Amino acid sequence: MRFDVITLFPELFAPFLASGVTRRAYASGQVAVVLWNPRDFGEGNYRRVDDRPFGGGPGMVMLAEPLAQCLAAVRAARGEPEAEQAPLLLFSPIGQRLDHAGVERWGQGPGAVLLCGRYEGIDQRFIDRYVDAQLSLGDFVLSGGELPAMALLDAVARLQPGVLHDAGSHAEDSFNPALDGLLDCPHYTRPEVWQGAGVPAQLLSGHHAQIAEWRRAQRVLWTARHRPDLIDAARAAGRLAPADEALLAQEQGRAL
Ligand code: 9WO
């Protein structure tokens, strides 16, 4: 699939696209990323992309016209028939919260066009006319939409076949509803004792069934403690086994 990213700071993406387990997905075009700078479509000799807000106030607002021209160039390059156009996504705190289901939704099919805002924001008329969905990472404000765009790209890229070293790896991720929507279990590596702290004996036992049972119990108990909402969702979806319920009942008895 293909993502076109509209950003005044395309250089922020270079080290991100060239690093980590996802690098090959971008380099091979498995997740193709094409960067576009609205400044290339800016107004006048200074290639202006922003202006002062009507009504006054601090800061600058991104001009609609350079964004519209940039988007037209993106649409032409993608060459999609109008009915099959990839969605234009804007990252903003007023958007719908991005979660695993959203990553799967936006990371399928043709991909998407990602618009990264800067300054105080974007002329609302451009948003009303062209933006298909607004996505939020949470209730906080950034200085630009680039980090959320990279977050979506990263989450999409690691779901692609062959990106993670071992094929089972992301099947076991937290928030993968195909599994059970529970949090991951804690991880340990060498040394066996670090600053006086040991490693759970089950992990050192070499008994695969015992290890799997311990990990499942940890996932259930950690999720119950840290994200009880996810336990409720897992139960509602029928993803908790009788053994999980027994464990939770036992833990609740201990807490009372
Ligand atoms: C900022 C903002 C703040 C309160 C209510 C609505 C808002 N919209 C925006 C906005 O679209 N800002 C643009 C993108 C321009 C300034 C930097 N931008 C931004 C995106 N800041 N923070 C985000 C963001 C995106 C996704 N998840 C969390 C924060």
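Atoms within each ligand, like the ligands themselves, are counted from 1 in listed order. Given the structure is predicted, the values throughout are model-derived calculations rather than measurements. Only heavy atoms go into these numbers, but all of them, side chains included; no hydrogens, no water, no symmetry mates.
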Checklist entry - Closest non-hydrogen protein atom to atom 29 (C) of ligand 1, residue and atom name please, with distance? => result F140 O, 3.2 Å
Next on the checklist: Please classify the S92 to ligand 1 contact at 4.0 Å (heavy-atom distances, strictly less than): side chain, backbone, both or neither.
Outcome noted: both
Next on the checklist: Tell me whether R97 is salt-bridged to D99, with the criterion being a basic N under 4.0 Å from an acidic carboxylate O.
Outcome noted: no
Checklist entry - Any donor-acceptor pair under 3.5 Å linking the side chain of Q30 with the backbone of P161? => result yes
Next on the checklist: Please work out, at 4.0 Å between heavy atoms, whether the side chain, the backbone, both, or neither of L135 comes within that distance of ligand 1.
Outcome noted: backbone
Next on the checklist: Under 4.0 Å from a heavy atom of Y119: which atoms of ligand 1 are those, numbered in the order shown and with their elements?
Outcome noted: 15 (C), 16 (C)
Checklist entry - What protein heavy atom sits nearest atom 26 (C) of ligand 1, and how far away is it? => result L137 N, 3.5 Å
Checklist entry - Which atoms of ligand 1 have any heavy atom of I94 under 4.0 Å away? => result 5 (C), 6 (C)
Checklist entry - Taking 4.0 angstrom as the limit, do R118 and E146 come out as a salt bridge? => result yes
Checklist entry - Between C116 and ligand 1, which residue portion shows a heavy-atom distance shorter than 4.0 Å: side chain, backbone, both, or neither? => result neither
Item to check | Heavy atom of the protein closest to atom 7 (C) of ligand 1 (residue, atom name, distance) | outcome: P93 CD, 3.8 Å
Item to check | Numbered atoms of ligand 1 (with element) below 4.0 Å of S143, judged on heavy atoms | outcome: 17 (C)
Item to check | Atoms of ligand 1, numbered as shown, that sit under 4.0 Å from any heavy atom of S136 | outcome: 26 (C), 27 (N)
Next on the checklist: Using a 4.0 Å cut-off to any heavy atom of G121, which atoms of ligand 1 qualify?
Outcome noted: 15 (C)
Please set out all donor-acceptor pairs under 3.5 angstrom arising from side-chain atoms of residues 130-139, sequence neighbours excluded.
from, atom 1, to, atom 2, distance (Å)
D132, OD2, L88, N, 2.7
Q134, OE1, S92, OG, 3.3
S136, OG, G138, N, 2.9
S136, OG, G138, O, 3.1

Checklist entry - Are the side chain of R78 and the backbone N or O of E80 linked by a donor-acceptor pair below 3.5 Å? => result no
Next on the checklist: I need the nearest protein heavy-atom contact for atom 15 (C) of ligand 1: residue, atom name and distance, please.
Outcome noted: R118 O, 3.5 Å
Checklist entry - Is R254 paired with E251 through a side-chain N to carboxylate O contact shorter than 4.0 Å? => result yes
Item to check | Polar contact flag, side-chain donor to acceptor under 3.5 angstrom, E104-Q108 | outcome: no
Checklist entry - Within a radius of less than 6.0 Å around CD of E213, do more than 12 heavy atoms belonging to other residues, nucleotides or ligands occur? => result no
Checklist entry - How far is atom 21 (N) of ligand 1 from its nearest protein heavy atom, and which residue and atom is that? => result L142 O, 3.0 Å
Item to check | Residue P148 vicinity, atoms of ligand 1 by number, heavy atom under 4.0 Å | outcome: 25 (C), 26 (C)
Next on the checklist: For atom 20 (C) of ligand 1, what's the nearest protein heavy-atom neighbour? Residue, atom name and distance, please.
Outcome noted: F91 O, 3.5 Å
Only pairs under 3.5 Å count here: list side-chain donor-acceptor contacts from residues 188-199, not counting sequence neighbours, and write none if there are none.
none

Next on the checklist: For R219, run the side chain to side chain donor-acceptor pair (under 3.5 Å) check against D180, D184, D244 and tell me which one passes.
Outcome noted: D180
